[in-house]
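The structure appears right after this line, and notes come after that.
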Amino acid sequence: MRRVTIGVFDSGVGGLTVLRELVARIPDADYLYFGDTARLPYGSKSRETIAKYAVSATKFLEERGAELLVIACNTASALALDAITDAANIGVVGVVEPGAESAAAATRRNKVLVIGTEATIKSHAYQHALEKRGVQVCEKACPLFVPLIEEGWLEHPVTQQVAHVYLDDVFQDFESGPDVLVLGCTHYPLIKPLLRSVAPWRVEIVDSAEATARCVAEGLRIAPPKTSEGAERRKPARMKFFATDSVEKFRSLGERFMGHALEDVQHVDMG
Ligand code: DGL
């Protein structure tokens, strides 16, 4: 199959959790990653502002040869997917629909808890996507998680305490509460082990990053490699990164999200 160029857009480094999953499923592709680090966080901004920023990033990635665009940012997917899709001349995939699809398939009780930024939760995008699939939804904004994760406090007692404050109420009565927890923010996969220890053990955690990568691979008809030899035979992914703020900051924070050093990082000025 011809090598495809996939654009990945996020407000910052968080979308690298989605890129990581994409590369694991679709290793023989070229990736252009745009992190709008100068203008983050998106999670506290209005729909209009997020749409304006996301559309300019979309045009940037398209001009550089992206043939398919993945909106890794949950906030941008929740608030601006229509605006992005209207402005784009290429296919656009957000994280909300794949995340909701995966959660709907996982719940046995038809009750799901979605956590995300203030803006994602206020948009009720996950709620609408899940209700369409006949699933009842609780939503909880967890705005402190993003700064705690960027601080590197992935297992810190403060993060643990904050998680209890956010989640204990919802999980108080497991027998009648949600049995699936959706990670509706790019950053949350990094605290999955901590969330695992806070949520009741029977609650399944659904990661929208994983669900999105699966959906993109299925869309491109790419089967997961059956053996590690098969994976090795594929040409490794080529990745180029664009950041609107400091390259150094993007590299050092991004390494933690991606799990390895980021080589080709360029600064871009969006004006
Ligand atoms: N990328 C955002 C999201 O997934 C989190 C960071 C931000 O607020 O910009 O919602």
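The basis for the numbers below is simple: all heavy atoms, side chains too, and nothing from hydrogens, waters or symmetry mates. Remember, it's 1-based here, ligands and their atoms both numbered in the order they're listed. Predicted model, so just to flag it, every value in this text is computed and none were measured.
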Could you check whether Phe242 and His267 have their ring centres less than 6.0 Å apart?
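Ring centroids of His267 and Phe242 are no less than 6.0 Å from each other.
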Would you say the ring centers of Phe145 and Tyr166 fall short of 6.0 Å from each other?
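Centroid separation for Phe145 and Tyr166: below 6.0 Å.
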Applying a heavy-atom cut-off of 4.0 Å, say which part of Thr117 lies close to ligand 1: side chain, backbone, both or neither.
side chain
the protein heavy atom lying closest to atom 8 (O) of ligand 1 turns out to be Gly43 N, 2.8 Å
How far is atom 10 (O) of ligand 1 from its nearest protein heavy atom, and which residue and atom name does that atom have?
Thr75 OG1, 2.6 Å
Would you say the side-chain atoms of Thr58 pair up with the backbone N or O of Ala54, donor to acceptor, closer than 3.5 Å?
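A pair under 3.5 Å: yes.
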Would you mind running through ligand 1 and noting each atom that sits below 4.0 Å from a heavy atom of Tyr42?
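In order of numbering, the contacting atoms are 7 (C), 8 (O), 9 (O).
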Ser11 heavy atoms, cut-off 4.0 Å: which ligand 1 atoms fall inside?
1 (N), 2 (C), 6 (C), 7 (C), 9 (O)
Side-chain touch Thr244/Asp269, heavy atoms, less than 4.5 angstrom
no
Got Val13 and Phe250 here, is their nearest side-chain heavy-atom distance under 4.5 Å?
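Yes, their side chains come closer than 4.5 Å.
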State whether Tyr42 and Arg39 meet the cation-pi test: NZ (Lys) or CZ (Arg) under 6.0 Å from the six-membered ring centroid, and within 45° of the perpendicular axis.
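Not satisfied by the 6.0 Å and 45° rule.
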Could you tell me whether Gly184 and ligand 1 have an N or O pair separated by under 3.5 Å?
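N/O-N/O distance below 3.5 Å does not exist for this pair.
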Is there a nitrogen or oxygen of Asp10 sitting under 3.5 Å from a nitrogen or oxygen of ligand 1?
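Between Asp10 and ligand 1, an N or O pair is found under 3.5 Å apart.
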Check if Cys185 has a non-hydrogen atom at a distance under 4.0 Å from any atom of ligand 1.
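For ligand 1, residue contact (heavy atoms, under 4.0 Å) with Cys185 is present.
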